[in-house]
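One-based numbering, in listed order, for ligands and for the atoms of each.
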Amino acid sequence: MGKFDGKVIIVTGSSSGIGRGTALLLAQQGATLTITGRNTEKLEETKKQLLSAGSTEDKILVVVGDVTKEEDTKRLIAETVNKFGKLDVLVNNAGGATPCDISQPLTVFDDIINQNLRSVLALCQEAIPHLKKTKGNIVNVSSIAGIRAMYTLAYYSIAKAGLDQLNRILAIQLAQDGIRVNNVNPGAIRTDAMPAEAWDVVEESWIKPNTPISRVGQPVEMAHVISFLANNEESSYITGQSIVADGGFSINSPVPPMGPKT
Ligand code: NDP
């Protein structure tokens, strides 16, 4: 018996990285899954991995779509409910950290906000009527960029801060319907968001010196947090929270000039 037996879960951005790792763990825990992204080939690879992990054809729906397009977000929810009859959990993971500072044009701002924030609201609006029926829940993948001001990821940082506030607003508004909403805020997680060589540089030069747990994270480590938040038994009294999973990066502080007493 898995903890998600009989539960229908959508994981956006499950063609790669944290989303794929999450889909894999949830499948191992018994979930029926809709996997989705824009890249058909990568989604098929995720599906292959789910089947190898013990899932079955009847428990997997693949929906190719772009979360920034409203026709696609509507179709994603509708196709899931048509195939599986209900929706228990929406995991809003799709997103991306485009480097930029505030000199970049507003069109860039619009694209980044659409990808990381507006799309989540659109999906929630479509999913909520179905989640009310199942007393389900929502887990959003935010970032520590939402709580720390990362000016080289300026618009992304603003979008994720907005996502953290959307989380709290949704949690309050939906509690009376029995729906919980939570965020996980990852630190640096080794995914396809960057090539392996770039991760090596980031890990050595930035993460190791500044992170108490002196390494980058892995997708499966985020998947376990998402699985916990998505489970109505394990996290029944948690809503509106942003759970930071960053190896301690965001609690660290520049070291004061005086050393420790000897
Ligand atoms: P990846 O690049 O490995 O995966 C991103 C996923 O999002 C892909 O499956 C991609 O699908 C999907 N996606 C992006 N834009 C769209 C879109 N417009 N429509 C549909 N799907 C889309 O990155 P990560 O796994 O690292 O990122 C996952 C989440 O984690 C993001 O929200 C990111 O901001 C967050 N995060 C990641 C961190 C990290 O260090 N890796 C740190 C903090 C937060 P496809 O390409 O098929 O369209």
| Minimum non-hydrogen distance to atom 1 (P) of ligand 1, winning option of Gly17, Ser16, Ser15 | Ser16

| request: From atom 24 (P) of ligand 1, work out which of Ile207, Asn185, Thr191 has a heavy atom at the shortest distance. | output: Thr191

| With Val202, the side-chain contact (heavy atoms from CB on, under 4.5 Å) member among Met194, Arg190, Lys208 | Met194

| query | Closest heavy-atom contact between Val81 and Leu87? | reply | CG2-CB, 4.4 Å

| note | Between Leu50 and Ala27, the two heavy atoms sitting closest are CD2-CB, 3.8 Å

| query | Applying a strict 4.0 Å limit to heavy atoms, is Ser119 in contact with ligand 1? | reply | no

| Counting from 1, what ligand 1 atoms have a heavy atom of Val141 closer than 4.0 Å? | 29 (C), 30 (O), 32 (O), 35 (C)

| said: Using a 3.5 Å cut-off on N or O atoms only, is Asn93 in polar contact with ligand 1? | reply: yes

| message | With heavy-atom distances below 4.0 Å as the criterion, list the atoms of ligand 1 near Trp199. | response | 40 (O)

| field | Closest heavy-atom pair and its distance - His130, Ile77 | value | CD2-CG2, 3.6 Å

| CA sep, side-chain torsions, deciding dist, call: Asn232, Asn137, side chain to side chain donor-acceptor pair (under 3.5 Å) | CA-CA 8 Å; Asn232 278 348; Asn137 66 74; 3.0 Å; yes

| So is there a nitrogen or oxygen of Ala97 less than 3.5 Å from a nitrogen or oxygen in ligand 1? | no

| field | Closest protein heavy atom (residue, atom, distance) for atom 15 (N) of ligand 1 | value | Gln115 NE2, 2.9 Å

| request: Determine the minimum heavy-atom distance between Thr34 and Phe84, stating which atoms define it. | output: OG1-CE1, 3.7 Å

| Numbered atoms and elements of ligand 1 in range of Ala94, under 4.0 angstrom, heavy atoms | 7 (O), 12 (C), 13 (N), 21 (N), 22 (C), 32 (O)

| said: Heavy-atom count check: over 12 atoms from other residues, nucleotides or ligands less than 6.0 Å from Glu41 CD? | reply: no

| message | Give the atom numbers and elements of ligand 1 that come within less than 4.0 Å of a heavy atom of Ile18. | response | 25 (O), 30 (O), 37 (C)

| task | List the closest protein heavy-atom neighbour of atom 46 (O) of ligand 1: residue, atom name, distance to the nearest 0.1 Å. | result | Arg38 NH2, 3.8 Å

| query | Any idea which protein heavy atom is nearest atom 44 (C) of ligand 1, and the distance to it? | reply | Ser142 O, 3.1 Å

| field | Residue pair Ser14 / Asn93, side-chain heavy-atom distance below 4.5 Å | value | no

| Interfacing atoms of ligand 1 (cut-off 4.0 Å, heavy-atom, Gly95) | 5 (C), 7 (O), 14 (C), 31 (C), 32 (O)

| Ion pair check, Lys74 and Asp72, cut-off under 4.0 Å | no

| query | Taking the non-hydrogen atoms of Lys160, is any one of them nearer than 4.0 angstrom to ligand 1? | reply | yes

| query | Stepwise, does the side chain to side chain donor-acceptor pair (under 3.5 Å) test hold for Asn183 with Asp164? | reply | CA-CA 7 Å; Asn183 280 11; Asp164 287 351; 2.8 Å; yes

| task | Identify the protein heavy atom lying closest to atom 19 (N) of ligand 1, giving its residue, its atom name and the separation to 0.1 Å. | result | Val67 N, 2.9 Å

| If we only count N/O pairs under 3.5 Å, is Gly19 in contact with ligand 1? | no

| query | By number and element, which atoms of ligand 1 are closer than 4.0 Å to a non-hydrogen atom of Gly65? | reply | 19 (N), 20 (C)

| message | Is any side-chain heavy atom of Gln104 closer than 4.5 Å to one of Phe109? | response | no

| task | Would you name the heavy atoms of Ala171 and Thr239 that are closest together and state the gap between them? | result | CB-OG1, 3.5 Å

| note | Nearest non-hydrogen contact to atom 38 (C) of ligand 1 from the set Ala188, Gly187, Ala193 belongs to Gly187

| field | Asp110 bridged to Arg118 by N-O distance under 4.0 Å | value | no

| request: Ignoring angles and geometry beyond distance, decide whether Ile189 reaches within less than 3.5 Å of ligand 1 through its nitrogen or oxygen atoms. | output: yes

| request: Starting from atom 12 (C) of ligand 1, find the nearest protein heavy-atom neighbour and note its residue, name and distance. | output: Gly13 CA, 3.6 Å

| query | With a 4.5 Å heavy-atom cut-off, do Val184 and Ser142 have their side chains touching? | reply | no

| message | Any nitrogen or oxygen of Ile144 lying under 3.5 Å from a nitrogen or oxygen in ligand 1? Just yes or no. | response | no

| message | Counting non-hydrogen protein atoms only, what is the nearest one to atom 18 (N) of ligand 1? Give residue, atom name and distance. | response | Asp66 OD1, 2.9 Å

| said: Please list, in number order, the atoms of ligand 1 under 4.0 Å from a heavy atom of Tyr156. | reply: 33 (C), 34 (O), 35 (C), 36 (N), 43 (C), 44 (C)

